[in-house]
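Down below is the structure, laid out as structure tokens.
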Amino acid sequence: MDCYFHSNVPSVAQCSDCRKPICATCHAGDGMCPSCRLAAKIAAANAEPQPLHGGVPKRQKPAPVTTLSDSVESRALVALGYPLPPLALLALFDRKQSPYLRRQVYQSLAFSGGTAAFGLALTWMLAIPFLNISAMLILAVLFPVWLIASVVYGIKTYGGDDVRIPIVSDWLEERLPAH
């Protein structure tokens, strides 16, 4: 007779609980088949419920990062620095800015500069015969993506949200001292 769990493997014993034929692989020292052992473990776990230690922290809405000392004009200038990079350069001269706004200014300049550098590299790739078609397609998509992203980042910055641009924020955190 073959094992109940392994076809074409001869059985060597019967399960002590359900009487199914089991092979040497399925046979354990207790004489039970794998399904009966599992059922016994589940029953033992359900018999004595164990309390969970700790708790689930309640989710709280994060506080805005801007401070009351940030004027509306400063936030607007920094927010407009995303789609209009010269305004971000102008915002660098504001000495009353909080560290949050100064970080956003650097982030907007790095975002615009990185996008411009990528666009310049794609423009140079237009001169390479086999790469010019793919570079042209990417270049055609780059400007609308940059424009939409910079407007969204500007709106979030003006609202006081902590804007994190995937590659740029990590790059800046490595180079700028913590405030």
Side-chain angles (χ1 to χ4, degrees), residues 1-65 82 100 103-104 106-108 110-153 155-157 159-179:
M1 171 182 327
D2 291 339
C3 176
Y4 180 80
F5 297 98
H6 301 103
S7 60
N8 298 330
V9 176
S11 64
V12 294
Q14 284 186 342
C15 175
S16 59
D17 286 348
C18 65
R19 310 310 265 171
K20 293 177 187 170
I22 53 176
C23 65
T25 304
C26 297
H27 187 269
D30 57 1
M32 292 193 299
C33 67
S35 60
C36 291
R37 277 195 302 272
L38 180 62
K41 286 182 182 179
I42 291 173
N46 288 337
E48 51 185 66
Q50 297 179 1
L52 295 176
H53 300 289
V56 177
K58 292 185 178 181
R59 202 158 193 207
Q60 297 176 354
K61 184 177 180 184
V65 182
Y82 276 99
Y100 162 75
R103 187 177 66 102
Q104 293 300 321
Y106 287 130
Q107 189 166 281
S108 71
F111 174 67
S112 297
T115 308
F118 186 59
L120 184 64
L122 287 173
T123 304
W124 287 341
M125 285 176 59
L126 289 174
I128 300 172
F130 293 107
L131 298 177
N132 60 358
I133 293 174
S134 60
M136 190 181 320
L137 293 174
I138 295 172
L139 200 55
V141 172
L142 182 66
F143 180 72
V145 167
W146 171 80
L147 186 63
I148 292 169
S150 63
V151 168
V152 168
Y153 293 147
I155 291 170
K156 284 186 169 188
T157 299
D161 294 340
D162 189 23
V163 177
R164 299 214 27 98
I165 301 172
I167 297 171
V168 176
S169 297
D170 296 334
W171 184 78
L172 279 176
E173 285 177 359
E174 293 174 1
R175 284 156 181 75
L176 289 180
H179 294 286

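Of all non-hydrogen atoms in Gln107 and Leu172, the two that sit nearest each other are CA-CD1, 3.2 Å. Taking both residues in full, the closest heavy atoms of Ile165 and Ser169 are given as N-OG, 2.8 Å, listed atom of the first, atom of the second, then distance. Residues Tyr100 and Asp161 share a closest heavy-atom pair of OH-O, 2.5 Å.
Residues Cys18 and Cys33 meet the side-chain proximity criterion, which asks for heavy atoms closer than 4.5 Å. Side-chain atoms of Arg103 and Asp162, non-hydrogen and from C-beta on, do get closer than 4.5 Å to each other.
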Residue pair Ser108, Tyr153: steps toward the side chain to side chain contact (heavy atoms under 4.5 Å, CB included) verdict
CA-CA 9 Å; Ser108 71; Tyr153 293 147; over 6 Å; no

Taking it one step at a time, do Tyr4 and Cys15 satisfy side chain to side chain contact (heavy atoms under 4.5 Å, CB included)?
CA-CA 10 Å; Tyr4 180 80; Cys15 175; over 6 Å; no

Determine, stepwise, if the pair Ser150 / Ser112 fulfils side chain to side chain contact (heavy atoms under 4.5 Å, CB included).
CA-CA 8 Å; Ser150 63; Ser112 297; 6.0 Å; no

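Between the SG atom in Cys3 and the NZ atom in Lys20 there is a gap of 10.0 Å [rounded to 0.5 Å]. Taken from CE in Met136 to OG1 in Thr123, the straight-line distance is 11.0 Å, to the nearest 0.5 Å. Atom CD1 of Ile138 is separated from atom CD1 of Ile133 by 12.0 Å, given to the nearest 0.5 angstrom. Rounding to the nearest 0.5 Å gives a distance of 8.0 Å between OG of Ser16 and CD1 of Ile22.
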Side-chain donor-acceptor pairs under 3.5 Å in residues 35-42, sequence neighbours left out?
{"from": "Arg37", "atom 1": "NH1", "to": "Cys26", "atom 2": "O", "distance (Å)": "3.3"}
{"from": "Arg37", "atom 1": "NH1", "to": "Met32", "atom 2": "O", "distance (Å)": "2.5"}
{"from": "Arg37", "atom 1": "NH2", "to": "Cys26", "atom 2": "O", "distance (Å)": "3.2"}

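Counted within 6.0 Å of CD1 on Ile167, heavy atoms from surrounding residues, nucleotides or ligands total 12 or fewer; the atom is thus considered open.
Residues meeting the side-chain contact (heavy atoms from CB on, under 4.5 Å) test with Leu142, sequence neighbours left out: Thr115, Phe118, Leu122, Leu139. Asn8 pairs by the side-chain hydrogen bond (donor to acceptor under 3.5 Å, both in side chains) definition with nothing, not counting sequence neighbours.
The closest side-chain donor-acceptor pair between Tyr82 and Gln104 falls under 3.5 angstrom.
For Arg164 and Asp170, the salt-bridge test passes: some basic side-chain N is under 4.0 Å from an acidic carboxylate O.
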